[in-house]
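This report concerns only the one structure given below.
Just so we're on the same page: letters track the sequence lines, and every chain starts at 1. Since the structure is predicted, the reported quantities are computational estimates derived from the model, not experimental observations.
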2 protein chains.
Amino acid sequence: MAYDGFMTTPWLSDEQQRIWRSWLRLNRELSATLAREMSASSDLSMADFGVLVQLTDVADGRVRISELADNLGWERSRVSHQLKRMQTRGLVERFECAEDGRGSFVGITSAGREAIGEAAPGHVAEVRRLVVDHLDADELRDFGRLVDRLLEPFNG
Amino acid sequence: MAYDGFMTTPWLSDEQQRIWRSWLRLNRELSATLAREMSASSDLSMADFGVLVQLTDVADGRVRISELADNLGWERSRVSHQLKRMQTRGLVERFECAEDGRGSFVGITSAGREAIGEAAPGHVAEVRRLVVDHLDADELRDFGRLVDRLLEPFNG
DNA sequence: CCGATTTGAGTGACGCGTCATCTACTTCCT
DNA sequence: AGGAAGTAGATGACGCGTCACTCAAATCGG
């Protein structure tokens, strides 16, 4: 157990610290690589892509802003900023909401569909290459189990 | 195997997709929670904290900027921007480099040491609570092994 | 029915991160 | 020695993300 000189609280053990730092590094490398691939092979950012995925996931192609925020796990204001940028570029469009005068719908445009259609194959290939195909069946199962385990504190 | 209507490339299987999305969510929740805790219990951001950790890691308290960038796994320009902000707040200081007229050293100030001393215990507690103590010994070992496995493509 | 509270959404300020580019210094090649 | 190429670091522009705040509409409690 390693203690840091100026702290009165135990730091992590060397092994725990190694694992934690590796985890941080993995996130860094993975998201940087995916972001680079995305912007190299399309005009979309990862954020754009995430939004468009959600918008193609829904049947009628239009979602309430808050529902979109929930599905993305983003703050509302983040969604708002993001949609503003995407609307400027013609990737999404907004519609008024009849049932609730405060709310509004957002939907994907045909330009948006075209953009995600271009971006998706390369992105999927990269996720496969770096993660899915890089683990065998057992490892992938363990991986899923662990991720679920670590998500527990955020589900309750 | 699920295919997306407008694509000619295979998407991920439902299970693979579920795991991948869970992983993305875990990153989101974890980093958001840690960032929130950090800024609630100190005046530091996660980025500030990372820099200060590196600067306390080295013995003499001064590092070449590029070395710092390598240790952090950050781009140089990111380091440059970050250090400028931190220098303004008195957390770090710069020194000229005698051996190389282009280069410079950066070191932690006493204000910087004080700041990280305040921030560290809460941060460590949060990492413990959400990750380390949330997994038993076997799970932690598996987790480390999987993270290492996924880091392989970035090591070669 | 009316005021108080809550909720859906947007905004401005500001810190973060990347990319392209710049400057100054060093190194390498001949 | 001297010019070409490379390297250390800084910078400006711009997109991303959060926080604190605003406004309008809906809902709730009496």
Inset, instruction - Please determine, for the side chain of B:Ser66, which listed nucleotide (D:dG9, D:dA10, D:dA20) has the closest atom? - result: D:dG9
Inset, instruction - Calculate, to the nearest 0.5 Å, the distance between atoms CG and OG belonging to B:Leu34 and B:Ser39 respectively. - result: 11.5 Å
Inset, instruction - Grab the CE-C1' distance between A:Met46 and C:dC16 for me, whole Å please. - result: 17 Å
Inset, instruction - Would you tell me whether B:Gln82 and B:Arg78 have side-chain atoms, one donor and one acceptor, within less than 3.5 Å of each other? - result: no
Inset, instruction - Measure the distance from CG on B:Leu72 to C1' on C:dG17 and round it to the nearest whole Å. - result: 13 Å
Legend entry - Interatomic distance where CE belongs to B:Met86 and C1' belongs to C:dC16 [whole Å]: 13 Å
Legend entry - Whichever of A:Asp100 and A:Trp74 has its nearest DNA chain D nucleotide further upstream toward 5': A:Trp74
Inset, instruction - Check if the side chain of B:His81 and the base of D:dG12 share a donor-acceptor pair of N or O atoms closer than 3.5 Å. - result: yes
Legend entry - Spacing of A:Lys84 atom NZ relative to D:dC14 atom P, expressed in whole Å: 15 Å
Inset, instruction - Would you kindly give the CD1-to-P distance between A:Ile65 and C:dT7, to the nearest whole Å? - result: 18 Å
Inset, instruction - Test for a donor-acceptor pair under 3.5 Å between the base of C:dC16 and the side chain of B:Ser45, counting only N and O atoms. - result: no
Legend entry - Protein-nucleotide distance (A:Glu99, atom CD; D:dT27, atom P), rounded to Å: 11 Å
Legend entry - Separation of atom CZ in A:Arg78 from atom P in D:dA20, rounded to whole Å: 18 Å
Inset, instruction - To the nearest 0.5 angstrom, please state how far the CH2 atom of A:Trp20 sits from the CG atom of A:Leu12. - result: 9.0 Å
Inset, instruction - Identify, between A:Leu83 and A:Ser39, the residue whose nearest nucleotide on DNA chain C lies closer to the 5' end. - result: A:Leu83
Inset, instruction - Give one of base, sugar-phosphate or nothing for A:Arg36, where a contact means two heavy atoms less than 4.0 Å apart. - result: sugar-phosphate
Inset, instruction - Please state whether the phosphate of C:dA9, meaning OP1 or OP2, lies under 4.0 angstrom from any side-chain nitrogen or oxygen of A:Arg64. - result: yes
Legend entry - CD on B:Glu126 to CZ on B:Arg36, rounded to 0.5 Å: 11.0 Å
Legend entry - Reported OG-to-CD distance for the pair A:Ser41 and A:Glu118, which is rounded to 0.5 angstrom: 8.5 Å
Inset, instruction - Determine: side-chain N/O of B:Arg94 to OP1/OP2 of D:dA10, distance under 4.0 Å, yes or no. - result: yes
Inset, instruction - Take the protein atom CG of A:Asp43 and the nucleotide atom P of D:dC16, then report the distance between them rounded to whole Å. - result: 12 Å
Legend entry - Upstream residue (5' side of DNA chain C) when B:Arg85 and A:Arg76 are each assigned their closest nucleotide: A:Arg76
Legend entry - C:dG8 OP1/OP2 closer than 4.0 Å to side-chain N/O of A:Arg102: no
